[in-house]
Amino acid sequence: QVQLVESGGGLVQAGGSLRLSCAASGRTFSRDAMGWFRRAPGKEREFVAAITWSGSITFYADSVKGRFTISRDNAKNTVYLQMNSLKPEDTAVYYCVGKGSIGATPRFDYWGQGTQVTVSS
């Protein structure tokens, strides 16, 4: 059974930082793109960031560019999201995703259960 398990969410003040981790099990994602989506209260799910299998190319939503950094450790089958300069509008449930395509409309086959990030003003 393939699982993506997120951790690292929580409550932080505006301007603060959090680092999300996503540990995959059940299959290796070392040859697959991985990424993060989020869903804010009352809003549709949106793409946040993605990284190619080698880690050499990354993609970001305009809303997080310059503040968030995605990275991965294929030996650990894990992907990370470093979030700095957090804003209240970053409050959302963050989902880890694996194996998909990164294009105009990123699509991924595997999804985690999500971790809550709350940014207070």
Side-chain angles (χ1 to χ4, degrees):
Q1 180 182 1
V2 178
Q3 286 189 310
L4 298 175
V5 179
E6 303 94 338
S7 62
L11 174 64
V12 64
Q13 288 188 333
S17 299
L18 282 175
R19 189 193 194 206
L20 304 183
S21 298
C22 171
S25 61
R27 76 183 294 277
T28 178
F29 287 88
S30 62
R31 291 292 180 177
D32 299 307
M34 299 190 76
W36 295 89
F37 280 71
R38 69 185 181 187
R39 185 191 295 272
K43 295 186 178 181
E44 293 187 355
R45 185 178 65 198
E46 67 172 346
F47 168 77
V48 175
I51 187 168
T52 55
W53 69 271
S54 65
S56 61
I57 303 174
T58 56
F59 304 84
Y60 298 95
D62 288 343
S63 58
V64 306
K65 203 170 293 183
R67 300 187 298 120
F68 290 11
T69 302
I70 188 171
S71 61
R72 66 189 297 164
D73 184 338
N74 286 341
K76 295 182 178 180
N77 218 17
T78 298
V79 64
Y80 306 96
L81 186 67
Q82 178 67 42
M83 306 185 294
N84 298 330
S85 302
L86 283 161
K87 305 175 181 180
E89 50 264 43
D90 294 318
T91 295
V93 177
Y94 284 72
Y95 299 91
C96 172
V97 294
K99 188 179 185 292
S101 60
I102 306 172
T105 305
R107 300 178 188 275
F108 287 83
D109 294 343
Y110 296 98
W111 291 71
Q113 292 299 306
T115 185
Q116 176 70 47
V117 171
T118 302
V119 184
S120 63
S121 57

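All of these numbers come straight from a predicted model, not from anything done at the bench. Residues: numbered from 1 along the sequence shown.
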Contact between [X] and [Y] at the side-chain level, heavy atoms closer than 4.5 Å - yes or no?
| X | Y | result |
| --- | --- | --- |
| T69 | Y60 | yes |
| V97 | F37 | yes |
| T91 | V117 | no |
| M83 | L20 | yes |
| Q3 | Y110 | no |
| F29 | V2 | yes |
| R72 | M34 | yes |

Closer than 3.5 angstrom, by distance alone: can the side chain of [X] be matched with the main-chain N or O of [Y] as a donor-acceptor pair?
| X | Y | value |
| --- | --- | --- |
| T78 | K76 | yes |
| T52 | I57 | yes |
| N74 | W53 | yes |

Are [X] and [Y] connected, step by step, through hydrophobic side chains (Ile, Leu, Val, Met, Phe, Trp, Tyr) whose heavy atoms are closer than 4.5 Å?
| X | Y | result |
| --- | --- | --- |
| Y95 | V64 | no |
| Y80 | L86 | no |
| W111 | I102 | yes |

(request) Using distance alone, with no hydrogens and no angle criterion, decide if N84 and S17 have a side-chain donor and acceptor under 3.5 Å apart. (result)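 Distance-only check passes for N84 and S17.
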
Please report, to 0.1 Å, the donor-acceptor pairs under 3.5 Å made by any side chain of residues 40-50, with sequence neighbours excluded.
{"unit_1": "E46", "atom_1": "OE2", "unit_2": "R38", "atom_2": "NE", "d": "2.5"}
{"unit_1": "E46", "atom_1": "OE2", "unit_2": "R38", "atom_2": "NH2", "d": "3.0"}

(message) If the condition is side chain to side chain donor-acceptor pair (under 3.5 Å), which residues does R67 pass it with, not counting sequence neighbours?
(response)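 R67 satisfies side chain to side chain donor-acceptor pair (under 3.5 Å) with D90 once adjacent residues are dropped.
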
(message) Just checking R27: does its CZ atom have more than 12 heavy atoms from other residues, nucleotides or ligands closer to it than 6.0 angstrom?
(response)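 Correct, the count exceeds 12.
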
(message) Other residues, nucleotides and ligands only: do more than 12 of their heavy atoms fall within 6.0 Å of CD on Q113?
(response)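 No - once you tally the heavy atoms of other residues, nucleotides and ligands closer than 6.0 Å, there are 12 at most.
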
(request) Considering non-hydrogen atoms only, spot the tightest contact between P106 and G103 and give its length. (result)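 Result for this residue pair: CD-O, 3.6 Å.
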
(request) Please report the shortest heavy-atom distance between L4 and C22, naming the atom on each side. (result)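 Taking every non-hydrogen atom into account, CB-SG, 3.8 Å.
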
(message) Let me confirm one number: the CD1-CD1 distance from I51 to I70, rounded to the nearest 0.5 Å.
(response)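 If we round to the nearest 0.5 Å, I51:CD1 and I70:CD1 are 5.5 Å apart.
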
(message) As an exercise, state the distance from CD of E6 to SG of C96, rounded to the nearest 0.5 Å.
(response)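 Interatomic distance, E6 CD to C96 SG, rounded to 0.5 Å: 5.5 Å.
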
(message) Can you tell me how the ring of Y94 sits relative to the ring of F68, calling it parallel under 30°, perpendicular over 60° and tilted otherwise?
(response)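 Geometry flag for F68 against Y94: tilted rings.
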
